Asks: 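Structure incoming, see below.
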Amino acid sequence: MQENSGTRLRILIAGGGTGGHVIPALAIARELRDAAGAEVRFVGTARGLETRLVPEAGFPLELIHVGQLKNVSLATRLRTLMDLPLGIGRCIRLLRSFRPDVVVGVGGYASGPAMMAAILLRVPTLAFEPNAVPGLANRLVGKLVTAAAVNFEETRRFFHGAQVTGTPVRPEFFDIGAKPLVGKKRLLVFGASQGARVFNERMPKIMKRLLNAFPTLEVVHQTGGRHGDSTLAQYRSAEVGFERVKVVPYLDDMAAQFAAADLILCRSGASTIAELSAAGRASVLVPFPQAADDHQRKNADAFVAVGAAEMILEAQLSEERLLEVLSKLLANDSRRQNMGERARALAHPAAVKMIARTVLEIADRG
Ligand SMILES: CC(=O)N[C@H]1[C@@H](OP(=O)(O)OP(=O)(O)OC[C@H]2O[C@@H](n3ccc(=O)[nH]c3=O)[C@H](O)[C@@H]2O)O[C@H](CO)[C@@H](O)[C@@H]1O
C-alpha cells in the first residue's frame with residue numbers, strides 16, 4: 001500500500017473467506033464509499049472468496065497469510081498460532097502505511113490479526129457479526145473493540161459497544177411481496193454456494209411422491225457447482241421427469257428465485273436467513289452441522305423460536321421426515337403465510353446505513 005497523508009476518511013475492512021463474510025462486507029464498503037466519500041481498502045487471505053469479489057467490486061485488496069484453527073490437525077493449529085505474531089506484524093505495517101480512521105472486522109481468517117493490530121495501535125475498531133454466536137476471530141477481540149454491529153440481540157453480550165443493526169442484504173430482497181396463493185406452487189431448494197450434499201441425495205428420492213401429492217408443484221433445486229451432474233443422475237435413476245423440476249448448479253438471480261417460491265428448503269448461514277427475513281418467506285432450515293461452533297443451528301434456533309421457520313437437524317433428515325415436513329407446509333397456505341410474516345418481522349432494512357453511521361461515529365471519536 002502507498003503511504004497515505006490525505007484528509008479523506010480511510011476505512012480498512014478486514015476478513016473474508018466465504019460469501020457469507022464477503023457479500024455483507026462489500027455492501028458496507030459501497031455505502032461508506034458512495035455515501036461518505038471514504039477511501040475503502042480490504043485485507044484478506046489468498047484462499048478466500050475476497051480474491052475474486054473484492055477486485056471485481058473495484059476495491060483494493062491486500063493479502064496476508066493466516067493459517068486455519070478450526071477443524072484442522074493439532075500440528076496445523078500450532079503452526080497457525082506460531083504464525084499469528086507475523087500476521088499481526090504485517091497488519092501493523094499495513095495500518096502504519098494506510099493510516100485508516102477505522103478498521104472494520106467482518107470475521108473470517110484475516111479479521112483476527114488485523115483487529116488485534118488495530119487494537120494495539122489504538123485505531124478505532126468495529127466488529128461485524130451476523131451469526132447468533134461469533135466465530136473465533138470476533139470472540140477473541142469482542143470485548144476490546146470500540147463498537148460492534150450484530151444481527152441478533154443475544155449476540156450483543158460477546159462485544160463491547162454492540163448494537164443490533166442486522167445483516168446487510170441486497171436491496172432487491174426487500175421488494176419481494178407476499179406470494180399469491182393462486183396458480184402454481186414453487187419449492188426452492190438450495191445450499192450455500194457449494195450446494196448441500198444432503199439435499200442432493202434426499203430430494204431425488206422423495207421427489208416423485210412430492211410431485212404426485214401436489215399436482216401444481218414446481219421445484220427449483222440448486223446443487224452447487226460440482227454436483228450438478230451427479231444430482232441429475234440421481235433424479236434420472238429415481239425416474240423423475242424434468243418438466244416440473246429444474247436442477248441447476250448455481251443461481252445468480254436469487255432474489256427472483258425467492259420471489260417465485262412458496263417455500264424454501266435451505267441451510268441457515270447468516271446471509272441466507274437475512275434474505276429469508278427480507279423477503280418474508282417460509283422456510284425449512286437444515287443447519288450445516290460442521291459450521292464452527294454449530295453457529296448455523298443457533299441461527300436457525302432464533303428463527304424457530306419466533307415461528308419464522310421449521311428446522312430439521314441433518315442427523316434427523318430421513319427421507320420420510322423431509323417428505324412429511326415439506327408436504328405439511330406445502331398443504332398449509334395460512335401456516336406458510338404466517339411463517340413468512342414472522343420472518344419479515346426479523347428483517348433489518350436499514351442494516352447497511354446503521355453500520356456505516358456507526359463507523360463514521362467512531363471515526364469522529366478516534
Ligand atoms: C459453511 C459455512 O460455514 N458457512 C458460513 C459462511 O456463509 P456462506 O457463504 O456459506 O452462507 P450464507 O448463507 O451466509 O451466504 C450464502 C449466500 O450465497 C447466495 N447464493 C447461494 C447459492 C446460490 O446458488 N446462489 C447464491 O446467490 C445466497 O443467496 C447467500 O447470499 O459465513 C456465514 C457468515 O459468517 C455463516 O453464517 C455461514 O454459516
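Atoms within a ligand are numbered from 1 in the order they appear, just like the ligands themselves. These figures come from a predicted structure and were not determined experimentally.
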Asks: How far is atom 22 (C) of ligand 1 from its nearest protein heavy atom, and which residue and atom is that?
Replies: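 Of every protein heavy atom, Q222 NE2, 3.5 Å lies nearest to atom 22 (C) of ligand 1.
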Asks: Determine, stepwise, if the pair M339 / F303 fulfils side-chain contact (heavy atoms from CB on, under 4.5 Å).
Replies: CA-CA 9 Å; M339 284 168 91; F303 261 49; over 6 Å; no
Asks: Tell me the contacting part of R170 for ligand 1: side chain, backbone, both, or neither, using a 4.0 Å heavy-atom threshold, strictly below.
Replies: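 For R170, the contact with ligand 1 is made by the side chain alone.
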Asks: Counting each atom of ligand 1 from 1 as listed, which ones have a heavy atom of G19 under 4.0 Å away?
Replies: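 It comes down to these atoms of ligand 1: 9 (O).
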Asks: With a heavy-atom distance limit of 4.0 Å, tell me whether E275 approaches ligand 1 through its side chain, its backbone, both, or neither.
Replies: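 Looking at E275 and ligand 1, just side chain atoms fall under 4.0 Å.
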Asks: Flag the pair E275 and R170 as a salt bridge only when some basic side-chain nitrogen lies within less than 4.0 angstrom of an acidic carboxylate oxygen.
Replies: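 Yes, this pair counts.
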Asks: Look at atom 2 (C) of ligand 1 and say which protein heavy atom is nearest, naming residue and atom and giving the distance to 0.1 Å.
Replies: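 For this ligand atom, the closest protein heavy atom is Q296 NE2, 4.0 Å.
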Asks: Please work out whether any backbone atom (N, CA, C, O) or any side-chain heavy atom from C-beta onward of N131 is under 4.0 Å from ligand 1, and answer side chain, backbone, both or neither.
Replies: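 Looking at N131 and ligand 1, just side chain atoms fall under 4.0 Å.
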Asks: Quick test of your reading of the model: are D262 and K179 salt-bridged, counting only N-O distances below 4.0 Å?
Replies: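 Salt bridge: yes.
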Asks: Give me the residue, atom name and distance of the protein heavy atom closest to atom 26 (C) of ligand 1.
Replies: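 Of every protein heavy atom, Y250 OH, 3.2 Å lies nearest to atom 26 (C) of ligand 1.
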Asks: Any idea which part of F288 is under 4.0 Å from ligand 1, heavy-atom wise: side chain, backbone, both or neither?
Replies: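 The answer is the side chain of F288.
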Asks: Which residue supplies the protein heavy atom nearest to atom 21 (C) of ligand 1, what is that atom called, and how far is it?
Replies: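 Protein heavy atom with the smallest distance to atom 21 (C) of ligand 1: M254 CE, 3.8 Å.
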Asks: Checking contacts here: is it the side chain or the backbone of H295 that comes within 4.0 Å of ligand 1, counting heavy atoms only? Could be both or neither.
Replies: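 Just the side chain.
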Asks: Below 4.0 angstrom, counting only protein heavy atoms, does anything approach atom 18 (O) of ligand 1?
Replies: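 So atom 18 (O) of ligand 1 lacks protein heavy-atom neighbours under 4.0 Å.
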Asks: Working note: V286 + L313, criterion side-chain contact (heavy atoms from CB on, under 4.5 Å); need CA distance, chi angles, decisive distance, verdict.
Replies: CA-CA 6 Å; V286 181; L313 296 181; over 6 Å; no
Asks: Using the ring centroid of each side chain, check whether F128 and H21 are separated by less than 6.0 Å.
Replies: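 No, too far apart.
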Asks: Charged N to carboxylate O below 4.0 Å: is that the case for R156 and E153?
Replies: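 The answer is yes: the pair qualifies as a salt bridge.
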Asks: Within the structure, is a non-hydrogen atom of G224 found at a distance of less than 4.0 Å from ligand 1?
Replies: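 No.
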Asks: So does E218 pair up with R244, basic N to acidic O under 4.0 Å?
Replies: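 No.
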Asks: So with a 6.0 Å cut-off around NZ of K143, is the heavy-atom count from everything else above 12?
Replies: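 Yes, NZ of K143 has more than 12 neighbouring heavy atoms, counting only those of other groups under 6.0 Å.
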Asks: Nearest protein heavy atom to atom 32 (O) of ligand 1, by residue and atom, and its distance?
Replies: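 Looking only at protein heavy atoms, the one closest to atom 32 (O) of ligand 1 is T18 OG1, 3.2 Å.
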Asks: Could you pull out, from A291, A255, P289, the option with a heavy atom nearest to atom 3 (O) of ligand 1?
Replies: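 The option holding the nearest heavy atom is A291.
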Asks: If I take atom CG from residue L317 and atom CD from residue E201, how far apart are they, to the nearest 0.5 angstrom?
Replies: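 So the gap between those two atoms works out to 10.5 Å.
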Asks: What I want to find out is whether R357 reaches E31 closely enough, with some N-O distance under 4.0 Å, to be called a salt bridge.
Replies: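 No salt bridge links R357 with E31.
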Asks: Considering only NZ, NE, NH1 and NH2 on the basic side and carboxylate oxygens on the acidic side, decide whether R281 and E341 come within less than 4.0 Å.
Replies: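 Result for this pair is no, no salt bridge flagged.
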Asks: For atom 10 (O) of ligand 1, which protein heavy atom lies nearest, and how many Å away is it?
Replies: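 Scanning the protein heavy atoms, the shortest distance from atom 10 (O) of ligand 1 goes to A192 CB, 3.4 Å.
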Asks: Give me the nearest non-hydrogen protein atom to atom 33 (C) of ligand 1 as residue plus atom name, then the distance to 0.1 Å.
Replies: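 Going by distance alone, atom 33 (C) of ligand 1 is nearest to G20 CA, 3.9 Å.
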Asks: Tell me which protein heavy atom sits closest to atom 13 (O) of ligand 1, plus the residue, atom name and distance to 0.1 Å.
Replies: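 Going by distance alone, atom 13 (O) of ligand 1 is nearest to T272 OG1, 2.6 Å.
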Asks: For ligand 1, find out whether one of its N or O atoms is nearer than 3.5 Å to an N or O atom of P130.
Replies: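 No, there is no polar N/O contact under 3.5 Å.
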